[in-house]
There are 2 protein chains.
Amino acid sequence: MKNIEEYCKDKNIKLTPVRHKVLELLQNEKSGLGAYRILDLLREAGFNSQPPVAYRALDFLVEHGFVHKIESQNSFVACTDPGVHHSPVFMICKKCESVSEAPTFETASNISDALMATGFNVEQTIIEAEGVCSTCSEQ
Amino acid sequence: MKNIEEYCKDKNIKLTPVRHKVLELLQNEKSGLGAYRILDLLREAGFNSQPPVAYRALDFLVEHGFVHKIESQNSFVACTDPGVHHSPVFMICKKCESVSEAPTFETASNISDALMATGFNVEQTIIEAEGVCSTCSEQ
DNA sequence: AAACCTCATGATATAATATAACATTACATA
DNA sequence: TATGTAATGTTATATTATATCATGAGGTTT
C-alpha cells in the first residue's frame, strides 16, 4: 500500500479516500470481492454507497493496475505486483475460494507468442485456473 | 451439427428442439451471443422466450461441451471441436468482434503444468486473448 | 392400463451485476 | 475571479442470471 501511495504521489495520480478504501478492502481479502460486497463494506465504513461509487473506484484501480478483475467470478482482487506491467495468471481455489496471482510464467507470454504466430495480434490475455490450492489439497 | 446429433443419439443425450436451435444459432455466428440475444432469436423462431429457457439450453450445451462460455463477455460460442475434451483458448477480436477458438496449443497445458508444479491442482483453465484478428490487422 | 419416476419445459418473480445520464462539488490555474 | 478538469453525488435503468414451483412428456414397473 505504501508503495502505491508513493507511486500515485510521484505520478500525480489521485488515490482519493474512496479509492484508497476499496484498495485496502481488497488487500485484506484472499478471495475476490464483488462490486456489491465492496459497496456494503464501503457503507459500513461510512462512505456513499451507490453502485457507481464502487464501479468508478474499481475502474480507476483496474486502469492503473492496482486491482484485477476476475472474469469468471465478476469479482476483484488486489494486484500482488502493482506498478509492474504483467499478464496475470490467477489460481482460484474452489474449496477455500482464495484467488492468488501466480508468479509470472514464461508460459503466459508463450500463449501470446503462439497466438501471434497464427496472425492474431494479442493485446491482453485473461488466464484463470480453477482447481484446489495446495493448502486445501493437503487436507 | 450432424456429428453432434449422432453423438447425442449414441449416448442417449437429448438434443431437444430448443437446445438444437440454440446450438444452431451459435454455429451461425462468428461472435459470441449473450443469453438475452439468444432469447430474442428464439422468440423470432417461435420458441418460448423466458430467460430460464435460454439459460437451461446453454447450461446443457456447455455441460456437454458443445458450447463454451466467454467469461470476459458473458457470451457464448459454439465449440469448434465438440466431443473432444480440450482446454479452449479463445481469440477475441475487438474490431470485428469475432471469437475464435485457437487450435489446441501445448502452451495451454504448459500453464496447467506450471501451476501444478507450484502445488495448485488445476481442474480447468479459462484462457481468452483480446486483440485484433489477422483479417482486421491486414486492413 | 395404472402408477410411478425422471427429465424437460412453462411461468413468475426476483437477485446480482453494471452503466447511462445529468447535477454538483473541489481544486488547480489562467 | 472565472474557467477548466476531474471527482463525486444522485437517480434511474439496463443487463445478466437464478430461485421456485407448476406442468407436461416419455419411459419403466407393477
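Side chains included, hydrogens not; waters and symmetry mates left out as well; all remaining heavy atoms used. Letters A, B, ... mirror the listed sequences (proteins, then strands); counts begin at 1. A quick note: this is a predicted structure, and the numbers were derived from the prediction, not measured.
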- Query: Does Asn74(B) or Phe60(B) map to a spot on DNA chain C nearer the 5' end, using the closest nucleotide for each?
  - Reply: Phe60(B)

- Looking only at side-chain atoms of Val53(A), point me to the closest of dG9(D), dT8(D), dA11(C). dG9(D)

- Item | Gln50(B) CD to dT16(D) P, straight-line distance once rounded to whole Å | 17 Å

- Whole Å only: how far is the CD atom of Gln73(A) from the P atom of dA18(C)? 12 Å

- Note on the structure: Among dA19(D), dT8(D), dA17(D), the one nearest any side-chain atom of Phe76(B) is dA17(D)

- Message: In whole Å, I'd like the distance from the CG atom of Leu33(B) to the P atom of dT16(D).
- Response: 11 Å

- Message: If the cut-off is 4.0 Å, is Lys69(B) near the phosphate of dA17(D), judged by side-chain N/O to OP1 or OP2?
- Response: yes

- Does one hydrophobic cluster hold both Ile4(B) and Phe76(B), with members joined at side-chain heavy-atom distances below 4.5 Å? yes

- Rounding to a whole Å, what distance do you find between Arg56(B):CZ and dT18(D):P? 12 Å

- Do Tyr36(A) and dA18(C) share a donor-acceptor pair, side chain to base, under 3.5 Å? yes

- Query: What's the CG-P distance between Leu58(A) and dA16(C), to the nearest Å?
  - Reply: 18 Å

- salt bridge (Lys or Arg N to Asp or Glu O under 4.0 Å) with Glu6(A): which residues, sequence neighbours excluded? none

- With a 4.0 Å cut-off, would you call Arg56(B) and Asp59(B) a salt bridge? no

- Query: Whole Å only: how far is the CZ atom of Phe47(B) from the P atom of dA8(C)?
  - Reply: 16 Å

- Query: Does the aromatic ring of Tyr55(B) sit over the six-membered base ring of dT18(D), closer than 5.5 Å centre to centre and tilted less than 30°?
  - Reply: no

- Message: If you compare all heavy atoms of Tyr7(A) against all heavy atoms of Gly83(A), which two are closest, and at what distance to 0.1 Å?
- Response: CE1-CA, 4.3 Å

- Message: Rounded to whole Å, how long is the line connecting atom CG of Asn12(A) with atom P of dT29(C)?
- Response: 9 Å

- Note on the structure: Nearest-nucleotide check on DNA chain C, Asn48(B) vs Pro51(A); residue mapping nearer the 5' end is Asn48(B)

- Counting side-chain heavy atoms from C-beta on, which of dA20(C), dT18(D), dT8(D) comes nearest to Pro52(B)? dT18(D)

- Shortest non-hydrogen pair, Lys21(B) vs Leu42(B), comes out as CG-CD2, 3.7 Å

- Message: Base, sugar-phosphate or nothing for Arg37(B)? Non-hydrogen atoms, less than 4.0 Å.
- Response: nothing

- Message: Whole angstroms only, please: what is the CD-C1' distance between Glu63(B) and dC7(C)?
- Response: 12 Å

